[in-house]
Number of protein chains: 2
Amino acid sequence: MQSSESGLRERKRVETRDRLQTAAVTLVDQRGMEHATLDAICKEADVSTRTFFNYFDSKEDAILGLEDVAITSDSVSDLLEAYVRSGPIELTIRMVFSLLNPSVDSSALLPLRMKIINQYPQLLGRMANQLQRMTQQLTAAMGPILRETSNFADQDETESKISVEILLSLCSGAARVAIKEWAASGSKAPIEAVEQRANELVKNIVKRLK
Amino acid sequence: MQSSESGLRERKRVETRDRLQTAAVTLVDQRGMEHATLDAICKEADVSTRTFFNYFDSKEDAILGLEDVAITSDSVSDLLEAYVRSGPIELTIRMVFSLLNPSVDSSALLPLRMKIINQYPQLLGRMANQLQRMTQQLTAAMGPILRETSNFADQDETESKISVEILLSLCSGAARVAIKEWAASGSKAPIEAVEQRANELVKNIVKRLK
DNA sequence: TGAATTGTTGCAGATGCTGCAAAAATACGC
DNA sequence: GCGTATTTTTGCAGCATCTGCAACAATTCA
């Protein structure tokens, strides 16, 4: 209900959320994590520090723009596309990157975000936690799709969920490495190339381990 | 130099460190993470709160017993054994679990630690960060061993390091799942079985992805 | 034994984060 | 429009983690 309403109240909420994300990312980029205090972020976004916590659980969450969203129909169609393109790895990588770029309005922040993640790797740890918190939702969304493949089909549901969780861990590690490489080479490549590289990394390691 | 000395000073340091770990683990287990305050832990260990930070960087680190240790010769021989037993996956899993159980004195804490990790999963995020901080050391230790296998041999050093980092991510995810299962089934199995299960999980997912 | 080194402690303070209750903004029925 | 109900914002008081600093205590070493 809430997300479909578009009264003044809802519009303002989205706007405020966006201002907070933008302020957080911008200030951390300019001043560094420790000097970009909550006070500074909130002053920049023009809200009280107390209000900040109506929007994000922590400073880190604001930097990453993380939200506890239900899997939207948009994202599901994205996932399906990734899956039919080439299978479970792409599906999972897509999932990881979509967490980093959930809102259209904030997509301009993505390059800065990746730069910051590279600078403060604990943020990706935070993101892995978020992935884990969302594991149930993710397995619910990914499970049915994955079970259509031969390799995941003959598994019972429990084993399938387990695999999804480990798959997420593997893919978020690959994402981190891909982002690192991207930052090391001057942060020039488009986001799609980074995601593509993450796919490649996963495939390489699977190949080597088999 | 420091670790090989065994004067009064060094003995006391080890003892204090141990008291802090034990107090942290015990109190978190008994009272829960949020009620096991620094003050309580330090009172139990009989040191000032200020001194606490001479031993650990954070409360979480004390709970996990994490230390920035150089890879010891002991751990290297452990690794070699794991590797010759069955390859790179065992090697990496061994690495992950050895982080959880570095000191002989604190080995009695391991079951409690695993129980707590299962209860507060953000701790494993913290551990993944630690793994990452130690990536350079770990790759330095694991790289030469891994390069002896055919699959890792033909790679240049950079690619090899990348693989190790992703491998660590994969294996720490598997470790988390294995610990979860262990806790779900009553925390009865010995630690070796948990590690073994983690190995199995990694192999399963690699098989499915290939 | 006395000086040098290292470890401990208290204190003041910054920062992140939470509960609570008052005040402001928005929505909704009439 | 108007008044009421609901939601959001805000300030404040307070707790907890963590850091720098300087004095103090313990250990080491010559």
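Just so it is clear: chains get the letters A, B, ... in the order the sequence lines come, proteins before strands, and each one is counted from 1.
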Nearest 0.5 Å please: distance from the [atom1] atom of [X] over to the [atom2] atom of [Y].
X	Y	atom1	atom2	result
B:Glu200	B:Ile89	CD	CD1	11.5 Å
B:Leu99	B:Arg94	CG	CZ	10.5 Å
B:Ile63	B:Leu20	CD1	CG	12.0 Å

Exercise for review: Decide side chain to side chain contact (heavy atoms under 4.5 Å, CB included) for B:Leu64 and B:Ile117; before the verdict, give the C-alpha distance in whole Å, the side-chain angles of both, and the deciding distance to 0.1 Å.
Suggested key: CA-CA 8 Å; B:Leu64 292 171; B:Ile117 287 173; 3.8 Å; yes
Find the distance [X]:[atom1] to [N]:[atom2] and express it as a whole number of Å.
X	N	atom1	atom2	result
A:Leu20	C:dC17	CG	C1'	15 Å
A:Phe53	C:dG16	CZ	P	8 Å
A:Phe52	C:dC17	CZ	C1'	10 Å
B:Arg19	C:dT8	CZ	C1'	12 Å
B:Asp61	D:dT17	CG	C1'	13 Å

Do [X] and [Y] make a side-chain contact, defined as non-hydrogen atoms from C-beta onward lying under 4.5 Å apart?
X	Y	value
A:Phe97	A:Val194	yes
B:Phe52	B:Asp39	no
B:Ile191	B:Pro111	no
B:Val28	B:Gln119	no
A:Arg113	A:Gln21	yes

Point to revise | the helix from C:dT8-D:dA23 to C:dC30-D:dG1: angle between end helix axes, five pairs per end, rounded to 10 degrees | key: 20°
When you measure from the side chain of [X] to the backbone of [Y], do you find a donor-acceptor pair of N or O atoms at a distance under 3.5 Å?
X	Y	value
B:Lys203	B:Ala198	no
A:Lys59	A:Ala36	yes
B:Ser98	B:Met95	yes
B:Thr51	B:Val47	no

**Study point:** Face-on cation placement of B:Arg19 at B:Tyr55 ring, 6.0 Å and 45° thresholds
**Key:** no
Are any protein N/O atoms closer than 3.5 Å to N/O atoms in nucleotides 1-6 of chain D? If there are, list each pair with its distance.
none

Just the table, please: protein N/O against nucleotides 10-14 of chain D N/O, every pair under 3.5 Å.
unit_1: D:dT10; atom_1: OP2; unit_2: A:Ser48; atom_2: N; d: 3.0
unit_1: D:dT10; atom_1: OP2; unit_2: A:Ser48; atom_2: OG; d: 3.4
unit_1: D:dT10; atom_1: OP2; unit_2: A:Thr51; atom_2: OG1; d: 2.8

**Study point:** Within residues 115-126 of chain B: residues closer than 4.0 Å to DNA chain C (heavy atoms)
**Key:** none
**Study point:** Residue-level proximity of residues 26-41 of chain B to DNA chain C when a heavy atom falls under 4.0 Å
**Key:** none
Exercise for review: For A:Leu66 and A:Arg17, work out which heavy atoms get closest and say how close.
Suggested key: O-NH2, 3.2 Å
Review point. Quick one: on DNA chain D, does B:Glu60 or B:Lys12 contact a more 5' nucleotide (nearest heavy atom)?
Key: B:Glu60
Exercise for review: Looking at every strand, decide which applies to B:Tyr55 at a 4.0 Å heavy-atom threshold: base, sugar-phosphate, or nothing.
Suggested key: sugar-phosphate
Quiz: residues 170-183 of chain A side-chain donor-acceptor pairs under 3.5 angstrom, not counting sequence neighbours:
unit_1: A:Ser172; atom_1: OG; unit_2: A:Leu168; atom_2: O; d: 3.2
unit_1: A:Ser172; atom_1: OG; unit_2: A:Ser169; atom_2: O; d: 3.1
unit_1: A:Arg176; atom_1: NE; unit_2: B:Glu165; atom_2: OE2; d: 3.1
unit_1: A:Lys180; atom_1: NZ; unit_2: B:Glu165; atom_2: OE1; d: 3.0
unit_1: A:Lys180; atom_1: NZ; unit_2: B:Glu165; atom_2: OE2; d: 3.0
unit_1: A:Glu181; atom_1: OE1; unit_2: A:Arg197; atom_2: NE; d: 2.7
unit_1: A:Glu181; atom_1: OE2; unit_2: A:Arg197; atom_2: NH2; d: 3.0
unit_1: A:Trp182; atom_1: NE1; unit_2: A:Ala189; atom_2: O; d: 2.9

